[in-house]
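Worksheet for the structure shown next.
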Amino acid sequence: MKPPKFTTLGCRLNAYETEAMKDLAAKAGVDNAVVINTCAVTQEAVRKARQEIRRLRRENPDAKLIVTGCAAQIDPDSFAAMEEVDTVIGNTEKMSPETWNGLGPNFIGETESVQVNDIMSVTETAGHLIDGFGTRSRAYVQVQNGCDHRCTFCIIPYGRGNSRSVPAGVVVDQIKRLVQQGYNEVVLTGVDLTSWGADLPGEPRLGDLVMRILRLTDVPRLRISSIDSIEADENLMTAIATEPRLMPHLHLSLQHGDDLILKRMKRRHLRDDAIQFCEEARRLRPDMTFGADIIAGFPTETEAHFENSLKLVEDCDLTWLHVFPYSVREGTPAAKIPNKVDGKVIKARAARLRAAGEAQVQRHLAAQQGATHQVLMESPEMGRTEQFTEVHFASPQKVGQIVSTTISGSKGNQLLAQS
């Protein structure tokens with residue numbers, strides 16, 4: 001028997017779900033299969049998925065080739081039409097034991113080549129949670145899936161469906177198990193994390209979940225993967241101010257720094273909202289650092305609009321930037337907006353944003369000289385501070401442990417631990 005091979009494209013949530021699929025496929029006895037978990041965030045991501053499918057078929061000519069993930073959910077027929085593909089599975093179906101049982105050797109009957117249902121009809125998050133997905137140092141817990149918002153550049157709601165939450169009790173129980181397994185850090189993940197709880201009885205907020213986790217578990221370090229700052233609730237701000245186990249690093253879904261472009265993106269915040277949130281979070285937690293997603297070259301973006309994004313990097317004191325050059329994604333409202341920005345201009349603006357981000361990183365590193373940090377070790381020589389900054393150690397440390405060290409300097413984008 002040849003165990004199935006898995007390939008993951010795209011986000012951390014996809015990687016999380018691949019781990020769940022591995023478990024489901026193993027229990028079903030799936031044999032001699034190749035599974036590709038696709039991404040659809042850009043047209044380029046879809047192109048790479050097709051390229052990867054062709055490569056995997058060449059390398060595994062006799063295997064059953066199964067395609068799943070967001071690209072498969074959004075456009076199943078086009079993937080089913082590829083001669084390399086045997087089966088297409090939707091994002092809901094890939095989390096179902098019945099789906100994998102139907103692909104196993106003991107299944108009696110016909111297995112449909114396309115198993116993709118309406119993602120918008122799904123009302124629950126899959127209960128198949130994996131304890132300890134991640135590295136030996138850090139575990140990831142999916143608490144939410146889907147998104148109720150319809151940003152004009154984003155196709156993801158059509159691949160993930162509407163927002164749905166994992167009940168707090170289920171999350172707390174899982175984190176307790178992770179702590180018992182020796183994990184010192186847990187990261188809460190989701191597609192639109194700050195919408196957690198809106199579909200649950202009483203409509204709790206993300207801050208309620210964070211406070212409950214910290215109250216009911218002994219997890220040494222808790223991280224939040226990415227938030228929409230306009231949806232930050234009072235309890236989340238209280239946790240930032242009062243809970244040292246909540247790590248002082250927030251990744252913000254900002255997307256742009258100009259009010260007109262934000263409105264055309266159908267975002268729910270304005271430039272000043274982002275600045276005020278960062279100022280308030282840093283007032284409550286002076287050691288707070290921020291990452292952010294920013295898109296360069298959205299349709300109709302002028303140089304003046306772009307300059308507002310560039311200035312936002314300093315105005316919000318952003319440290320870790322994820323810069324996305326805008327690319328047309330068919331099926332989104334933004335694809336129909338005229339006045340597209342020239343590709344060379346988009347590339348140049350993205351480079352300027354990355355340079356601004358790099359300058360911010362260097363300022364952050366310089367400010368850590370002589371500071372003492374609690375570093376979670378990811379490898380024998382490298383760990384991360386509370387603010388998610390990499391630290392290099394000259395002598396090996398135990399992976400997964402939290403090590404106290406004083407910073408002696410920096411090299412590249414890493415801090416150096418005092419030897």
Side-chain angles (χ1 to χ4, degrees), residues 4-25 34-56 65-76 78-79 82 84-85 87-95 116 119 122 125-126 128-130 133-135 138 140-147 149 151 153-164 187-193 225-228 251 253 255 291-295 320-332 334-335 350:
K5 300 176 182 178
F6 287 81
T7 295
T8 304
L9 303 176
C11 65
R12 178 70 67 177
L13 188 56
N14 251 14
Y16 182 103
E17 290 172 344
T18 292
E19 296 302 308
M21 286 192 286
K22 286 179 182 178
D23 190 48
L24 291 166
V34 175
V35 183
I36 176 169
N37 197 6
T38 62
C39 173
V41 69
T42 63
Q43 207 70 46
E44 176 66 9
V46 177
R47 188 193 68 79
K48 286 183 178 179
R50 296 185 188 283
Q51 187 180 55
E52 188 70 4
I53 287 166
R54 296 185 184 103
R55 182 188 71 79
L56 290 169
L65 199 149
I66 301 165
V67 180
T68 187
C70 289
Q73 176 68 48
I74 291 166
D75 193 7
S78 71
F79 285 96
M82 294 180 69
E84 296 87 354
V85 174
T87 305
V88 180
I89 299 172
N91 264 339
T92 301
E93 290 74 21
K94 74 182 182 184
M95 293 289 100
V116 181
I119 195 77
V122 180
T125 294
H128 195 91
L129 298 169
I130 295 298
F133 160 59
T135 63
R138 181 178 294 110
Y140 296 84
V141 176
Q142 181 188 357
V143 303
Q144 183 273 341
N145 203 344
C147 185
H149 309 301
C151 298
F153 56 83
C154 187
I155 197 73
I156 296 307
Y158 305 98
R160 288 286 175 181
N162 292 319
S163 180
R164 52 222 189 263
V187 185
L188 303 183
T189 69
V191 174
D192 181 29
L193 204 53
S225 59
S226 178
I227 68 167
D228 205 337
H251 190 84
S253 178
Q255 309 307 344
D293 296 329
I294 300 183
I295 295 173
W320 317 108
L321 293 190
H322 289 179
V323 176
F324 298 90
Y326 176 79
S327 63
V328 174
R329 183 63 177 91
E330 294 302 327
T332 63

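Atoms considered below: every heavy atom in the structure, side chains included; atoms not considered: hydrogens, waters and symmetry mates.
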Legend entry - Heavy-atom pair of closest approach, residues A350 and P325: CB-CG, 4.0 Å
Inset, instruction - Would you mind reporting whether I89 and M21 have side-chain heavy atoms less than 4.5 Å apart? - result: no
Inset, instruction - Measure across A334 and Y326 and return the closest heavy-atom pair with its distance rounded to 0.1 Å. - result: CB-OH, 3.5 Å
Inset, instruction - Return yes if some donor-acceptor pair links the side-chain N/O of R329 with the main-chain N/O of A40 below 3.5 Å, else return no. - result: yes
Inset, instruction - Please step through side-chain contact (heavy atoms from CB on, under 4.5 Å) for the pair D293 and H251, ending with a clear verdict. - result: CA-CA 8 Å; D293 296 329; H251 190 84; 2.8 Å; yes
Legend entry - CD-CD distance between Q142 and E17, expressed to the nearest 0.5 angstrom: 5.0 Å
Legend entry - Exercise: identify the closest heavy-atom pair between C154 and Y158: O-CE1, 4.2 Å
Legend entry - Rounded distance (nearest 0.5 Å) linking atom SG of C70 with atom CG of L13: 8.0 Å
Inset, instruction - Give a yes or no on whether the backbone of E330 and the side-chain of Q43 come within a donor-acceptor separation of less than 3.5 Å. - result: yes
Legend entry - Reported CG-to-NE2 distance for the pair N162 and H149, which is rounded to 0.5 angstrom: 10.5 Å
Inset, instruction - Please examine the side chains of L193 and S225, heavy atoms only from C-beta on, and report whether any two atoms are closer than 4.5 Å. - result: yes
Legend entry - Spatial distance of atom CG (N91) from atom CG (N37) [nearest 0.5 Å]: 7.0 Å
Legend entry - Taking every non-hydrogen atom, the tightest pair across V328 and A335: CG1-CB, 3.7 Å
Inset, instruction - Take S78 and R50 through the test side-chain contact (heavy atoms from CB on, under 4.5 Å) and record every step on the way to the result. - result: CA-CA 10 Å; S78 71; R50 296 185 188 283; 2.8 Å; yes
Legend entry - Atom of T38, atom of A49 and distance for their closest heavy-atom approach: CG2-CB, 3.8 Å
Legend entry - Within-4.5 Å side-chain heavy-atom neighbours: Y16 and T8: no
Legend entry - L56 and its side-chain contact (heavy atoms from CB on, under 4.5 Å) partner, picked from V35, L65, V85: L65
Legend entry - Side chain to side chain, T42 and F324, heavy atoms closer than 4.5 Å: no
Inset, instruction - Give the minimum heavy-atom separation between F79 and A71, together with the two atoms involved. - result: CE1-O, 3.4 Å
Inset, instruction - Output the distance between atom OG (S253) and atom NE2 (H322), rounded to the nearest 0.5 Å. - result: 12.0 Å
Legend entry - Separation of T87 OG1 from E93 CD (nearest 0.5 Å): 12.5 Å
Inset, instruction - For a side-chain contact (heavy atoms from CB on, under 4.5 Å) with K94, tell me which candidate from T18, T68, L24 qualifies. - result: T68
Legend entry - Non-hydrogen side-chain atoms of I155 and F153 separated by less than 4.5 Å: no
Inset, instruction - For residues V41 and I156, determine if any side-chain heavy atom of one lies less than 4.5 Å from a side-chain heavy atom of the other. - result: yes
Legend entry - Exam field: side chain N14 to backbone L9, donor-acceptor pair closer than 3.5 Å: yes
Legend entry - Side-chain donor or acceptor of Q144 paired with backbone N/O of D192 under 3.5 Å: yes
